Amino acid sequence: GGWYETKTNSFKTIQDVQFVGAMQTEGRNPITSRYLRHFNVLSVMSYDDENLRSIYTDLVLAFSRNVIPVIYSNAEALVQATVGLYRLVSNDLLPTPTKSHYTFNIRDVSKVFQGMLSTTSDQVPRKEQLIKLWIHECSRVFGDRLVDDKDRNHFSQLLQNQLTQAFGEK
């Protein structure tokens with residue numbers, strides 16, 4: 001196969017080329033079978049909450065050990081709250097034509113922990129500061145995308161519910 005070069009009107013032959021692509025299908029328009037038949041499709045299932053909690057708990061424990069004691073001692077609650085918030089936000093705040101950027105994925109959970117783990121034990125000496133930091137990071141990662149007051153209020157309620165469930169705080 002190939003194509004014609006318009007300037008010289010000669011045919012350019014392409015040989016031994018392979019294309020590799022990736023896409024997310026959640027929240028997207030369906031792909032027709034007629035188009036898909038040209039590709040080998042490899043599908044990877046999303047992680048369930050138990051696996052996400054296990055992965056992120058191990059990561060948070062490993063990165064906070066001997067560095068940020070308050071995060072280390074509250075790692076399971078942090079992970080539970082963050083994964084729960086991620087699931088709620090990604091299920092409740094779906095993309096629409098006017099809110100096409102409302103696509104949340106597992107990288108957002110990583111961004112929350114990346115922000116939290118970039119602190120020092122001097123900056124977060126107690127649980128109260130840890131909770132404020134968690135609220136800040138979740139608001140930065142998830143809340144900053146929200147465009148109207150209805151969505152921001154809904155997010156605030158989801159954040160408050162996760163805070164109460166994980167930490168027993170109001």
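All values derive from a computational prediction rather than experimental measurement.
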Requested in this report: Mind checking the CG-CZ spacing from L93 to F155? Nearest 0.5 Å is all I need.
Outcome: 8.5 Å
Report task. Would you mind checking if D148 and K99 are paired as a salt bridge, meaning a charged N to carboxylate O distance below 4.0 Å? Result -> yes
Query raised in the report: Would S64 and L117 satisfy side-chain contact (heavy atoms from CB on, under 4.5 Å), going step by step from the backbone distance to the final call?
Result: CA-CA 7 Å; S64 64; L117 293 170; 4.0 Å; yes
Requested in this report: Specify the closest pair of heavy atoms between Y56 and I106, including all atoms of both residues, with the distance to one decimal.
Outcome: OH-O, 3.3 Å
Report task. Please tell me if the side chains of L159 and S139 come closer than 4.5 Å, counting only heavy atoms from C-beta onward. Result -> yes
Query raised in the report: Distance from L163 atom CG to C138 atom SG, nearest 0.5 Å?
Result: 9.5 Å
**Report entry** Contacts of type side-chain hydrogen bond (donor to acceptor under 3.5 Å, both in side chains), residue K132, not counting sequence neighbours
**Finding:** none
Requested in this report: Consider only side-chain heavy atoms of I, L, V, M, F, W and Y, link residues closer than 4.5 Å, and tell whether L94 and V147 are in one cluster.
Outcome: no
Query raised in the report: How many angstroms lie between CG in L59 and OG in S110, if you round to the nearest 0.5 Å?
Result: 7.5 Å
**Report entry** Minimal non-hydrogen separation, G115 against T119, with atom names
**Finding:** O-CG2, 4.0 Å
Query raised in the report: Under a 4.5 Å cut-off applied to non-hydrogen side-chain atoms, are T6 and N9 in contact?
Result: no
Report task. Answer yes or no: are there more than 12 heavy-atom neighbours, outside F167 itself, under 6.0 Å from its atom CZ? Result -> yes
Query raised in the report: Can you name the residues that form a side-chain hydrogen bond (donor to acceptor under 3.5 Å, both in side chains) with S43, not counting sequence neighbours?
Result: none
Query raised in the report: Any idea which heavy atoms bring Q80 and Q162 closest together, and the distance?
Result: O-OE1, 3.9 Å
**Report entry** Contact summary for R152 and L146, nearest pair of heavy atoms
**Finding:** NH1-O, 3.0 Å
Query raised in the report: With no hydrogens and no angle check, is any side-chain donor or acceptor of N91 less than 3.5 Å from a backbone partner on L88?
Result: no
Report task. Would you sort out whether V109 and L52 count as a side-chain contact (heavy atoms from CB on, under 4.5 Å), showing the intermediate values? Result -> CA-CA 9 Å; V109 177; L52 282 177; 5.8 Å; no
Requested in this report: Could you tell me which non-hydrogen atom of M116 sits nearest to which non-hydrogen atom of W134, and how far apart they are?
Outcome: SD-CD1, 3.8 Å
Requested in this report: Answer with yes or no whether the hydrophobic clustering places Y72 together with I131; edges join I, L, V, M, F, W, Y residues whose side-chain heavy atoms lie under 4.5 Å apart.
Outcome: no
**Report entry** Donor-acceptor pair between Q157 and N161 side chains, under 3.5 angstrom
**Finding:** yes
Query - Verdict with supporting geometry, I68 and F63, side-chain contact (heavy atoms from CB on, under 4.5 Å) - result: CA-CA 9 Å; I68 313 169; F63 281 102; over 6 Å; no
Query raised in the report: Same cluster or not: are F39 and I31 linked, directly or through other Ile, Leu, Val, Met, Phe, Trp or Tyr residues, by side-chain heavy atoms under 4.5 angstrom apart?
Result: yes
Requested in this report: Could you list all the salt bridge (charged side-chain N to carboxylate O under 4.0 Å, His left out) pairs where at least one residue sits in residues 49-72, not counting sequence neighbours?
Outcome: D49-R87
Query raised in the report: For the atom pair CD (E5) and NZ (K12), what is the distance rounded to the nearest 0.5 Å?
Result: 5.5 Å
Query raised in the report: Applying ring-ring contact (aromatic ring centres under 6.0 Å, His included), which residue pairs with at least one partner in residues 4-24 are found, sequence neighbours left out?
Result: Y4-F11
**Report entry** Exam field: side chain N74 to backbone V70, donor-acceptor pair closer than 3.5 Å
**Finding:** yes
**Report entry** Gap between atom OG1 of T96 and atom NE2 of H101 - 0.5 Å precision
**Finding:** 8.5 Å
Query raised in the report: Considering only heavy atoms from C-beta outward, does the side chain of T13 approach that of Q15 to under 4.5 Å?
Result: yes
Query - Main-chain N/O of V112 paired to R140 side chain as donor or acceptor, under 3.5 Å - result: no
Report summary line: Residues at least two apart in sequence or cross-chain that pass side-chain hydrogen bond (donor to acceptor under 3.5 Å, both in side chains) with H136, listed by chain then number, are none
Query - Counterpart residues, side-chain hydrogen bond (donor to acceptor under 3.5 Å, both in side chains), relative to Q114 (two or more places apart) - result: none
**Report entry** Proximity of F104 and Y86 rings by center, below 6.0 Å
**Finding:** no
Query raised in the report: So, E128 and R126, do they make that salt bridge, N to O below 4.0 Å?
Result: yes
Query raised in the report: Do other residues, nucleotides or ligands put more than 12 heavy atoms under 6.0 Å from the CD atom of E76?
Result: no
Report summary line: Nearest heavy-atom contact between A166 and A81 is CB-CB, 3.5 Å
Report task. Please step through side-chain contact (heavy atoms from CB on, under 4.5 Å) for the pair D151 and Y102, ending with a clear verdict. Result -> CA-CA 11 Å; D151 290 343; Y102 279 24; 2.8 Å; yes
Query - Flag side-chain contact, heavy atom, 4.5 Å: F113 against T82 - result: yes
